[in-house]
Amino acid sequence: MEVTKQMKNRSCRILTFAAISIMVLFSCQQKPKAERQEIEYINAENDTVSRRGLYVLPGDYEAGHPKNLVAYFDSLCQEGLFVATHNNDKEDSLKVWEAIKFLDRYARGKDRFYPMKAIRDALEILRTEQAYCYNHGGQEGQNGGEAFLFRLIEQAAAYCNQIDFITDFHADDRKAGILYFEEWSLGNPLYSMLVYQKSQGFGVRMIGDVGEAKIEKIFHLTDSQGRDYYLCSNNNEGVYFCQYLYGWKGDDLELICQLNDVFGCSECAERGYELVFNPKQYSWIYCQKNGDMYHRVDNTPMLRLQLNGDSSKFVVESQFDDKQSTRRDRLRVLS
């Protein structure tokens, strides 16, 4: 009788232990997949996506390649980021998540073609809300909707296989291009991003700051030593004149020097002179247009770009007396 009682107690303990084990195992299995993915991703990529990295501008850290993009973006939402659509449109929100699913399938090799249209539509949906917010009162502090957009741009570029799919225009060597987003008021810039080829996919770097740089052209330049550079340019001598020079450093393009102010001739715009970039001489000169030709204006300064690796710089040369020149500078209209 005593033996039977001991056996029953032992059986109860065994059953209790088994039940607890099953509960523990079940609770582990029910742990959100996105959270597990985020932990794996942080450990694998040396904490590249943490609370420190959630809100940074593209290019300020190494984005990495999550194994599961759907889980990755879901984990970002758990950290406070979110899909920001204009007027909280649910249909637009679904389109963004569908684009992420398509990108994930492509990254895993399940789909053959890069989902260019879905990605560009998703980026435009997210851009619209950010443009509206900046135009109607601006943004202060951390913006989870904007950060979500930045992280999506990074991953869309990282898995892209052709620069045309992720840029609005690019340099002639197809290794760097510009992804440009307008603000709510047409003509004003929201984001200008440099997209450049890496050993795997493309990297992204913000040019200037939010609402600062309006890039209209990108030039591929080479110095006497065969080193490559990319000039991100806007020659508008009004509000948006800017020049950003980038050079290769390993697998990345990094900013070498920049110029954000019109140089040396306050009355030139009033007189109708135009700034023209000469890609053969790496210089900007004030010109007057005559037919399909630009003629340099006498006694106006010239901006020259001196390429010298990390020591490259913009130099304003003194006023130029055209009568002392052996020939008159003429530049055909640049497209």
Side-chain angles (χ1 to χ4, degrees), residues 167-173 176-183 185-194 206-209 211-223 228-247 255-308 312-335:
T167 60
D168 296 304
F169 53 93
H170 54 76
D172 54 7
D173 66 348
I178 301 297
L179 180 59
Y180 177 71
F181 296 90
E182 283 192 327
E183 208 221 69
S185 297
L186 296 180
N188 292 329
L190 183 62
Y191 314 118
S192 286
M193 299 188 187
L194 175 65
M206 180 76 79
I207 301 174
D209 204 346
E212 181 180 69
K214 182 178 182 179
I215 303 301
E216 294 184 339
K217 294 183 179 181
I218 181 170
F219 299 94
H220 172 217
L221 310 178
T222 307
D223 66 12
D228 293 315
Y229 307 83
Y230 296 91
L231 178 68
C232 302
S233 176
N234 187 328
N235 291 338
N236 186 334
E237 62 268 34
V239 178
Y240 297 119
F241 178 86
C242 62
Q243 311 297 330
Y244 292 82
L245 182 70
Y246 291 85
L255 180 65
I256 298 175
C257 58
Q258 69 184 76
L259 184 69
N260 296 86
D261 297 315
V262 178
F263 58 96
C265 185
S266 58
E267 70 277 6
C268 287
E270 297 176 3
R271 296 179 179 179
Y273 302 160
E274 296 183 47
L275 265 178
V276 178
F277 176 62
N278 185 341
K280 295 182 178 179
Q281 297 182 357
Y282 305 156
S283 63
W284 290 259
I285 56 177
Y286 285 100
C287 297
Q288 282 186 313
K289 186 177 179 181
N290 184 4
D292 66 344
M293 302 291 290
Y294 281 117
H295 298 267
R296 182 173 180 180
V297 179
D298 296 347
N299 300 313
T300 55
M302 175 174 65
L303 176 68
R304 190 181 296 277
L305 173 58
Q306 296 180 353
L307 297 180
N308 186 23
S312 300
K313 58 184 178 181
F314 295 98
V315 177
V316 178
E317 298 187 354
S318 59
Q319 290 188 347
F320 176 85
D321 185 358
D322 191 62
K323 296 179 180 179
Q324 297 177 1
S325 177
T326 57
R327 65 178 179 83
R328 186 174 185 83
D329 291 325
R330 293 183 177 86
L331 295 175
R332 192 168 298 279
V333 177
L334 300 175
S335 58

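Of the candidates Y244, F277, Y246, L231 forms a side-chain contact (heavy atoms from CB on, under 4.5 Å) with just one, namely F277. Partner of Y240 under the side-chain hydrogen bond (donor to acceptor under 3.5 Å, both in side chains) criterion, out of N235, N188, N260, N234: N188 alone.
Here the closest heavy-atom approach between residue P189 and residue A213 is recorded as CB-O, 3.5 Å. Nearest heavy-atom pair, H220 versus A171, reported as atom, atom and distance to 0.1 Å: CB-CB, 4.0 Å. The two residues K313 and C257 come nearest to each other via the heavy atoms CA-SG, 3.9 Å. Across all their heavy atoms, L194 and A176 have their closest contact at CD1-CB, 4.2 Å. Across every non-hydrogen atom of Q281 and R304, the tightest pair is O-NH1, 3.4 Å.
Here the side chains of Y180 and K214 are in contact, with some heavy-atom distance below 4.5 Å. Using a 4.5 Å heavy-atom threshold, the side chains of F314 and V316 count as separate. Contact check for C268 versus V297: no side-chain heavy atoms found under the 4.5 Å cut-off. The side-chain heavy atoms of L303 and L259, taken from C-beta on, include a pair separated by under 4.5 Å. Under the 4.5 Å side-chain criterion, counting only non-hydrogen atoms from C-beta, D168 is not in contact with I178. Here the side chains of Q288 and Y294 are not in contact, with every heavy-atom distance at 4.5 Å or above. Using a 4.5 Å heavy-atom threshold, the side chains of I218 and F169 count as touching. Under the 4.5 Å side-chain criterion, counting only non-hydrogen atoms from C-beta, C242 is in contact with I215.
For the atom pair NZ of K217 and CD of Q243, the computed distance is 11.0 Å after rounding to the nearest 0.5 Å. A distance of 12.5 Å separates SG of C232 from CD of E216, quoted to the nearest 0.5 Å. Note that the NE2 atom of H295 and the CG atom of N290 stand 4.5 Å from one another [nearest 0.5 Å]. The CG atom of L245 sits 7.5 Å away from atom CG of L255, with the distance rounded to the nearest 0.5 Å. Annotation: the span from I256 atom CD1 to S312 atom OG amounts to 5.0 Å, rounded to 0.5 Å. The distance from atom CH2 of W284 to atom CZ of F241, rounded to the nearest 0.5 Å, is 6.5 Å.
Within 6.0 Å of the CG atom in D172, the count of heavy atoms belonging to other residues, nucleotides or ligands exceeds 12.
If you check the side chains of Y230 and D173, you find a donor sitting under 3.5 Å from an acceptor.
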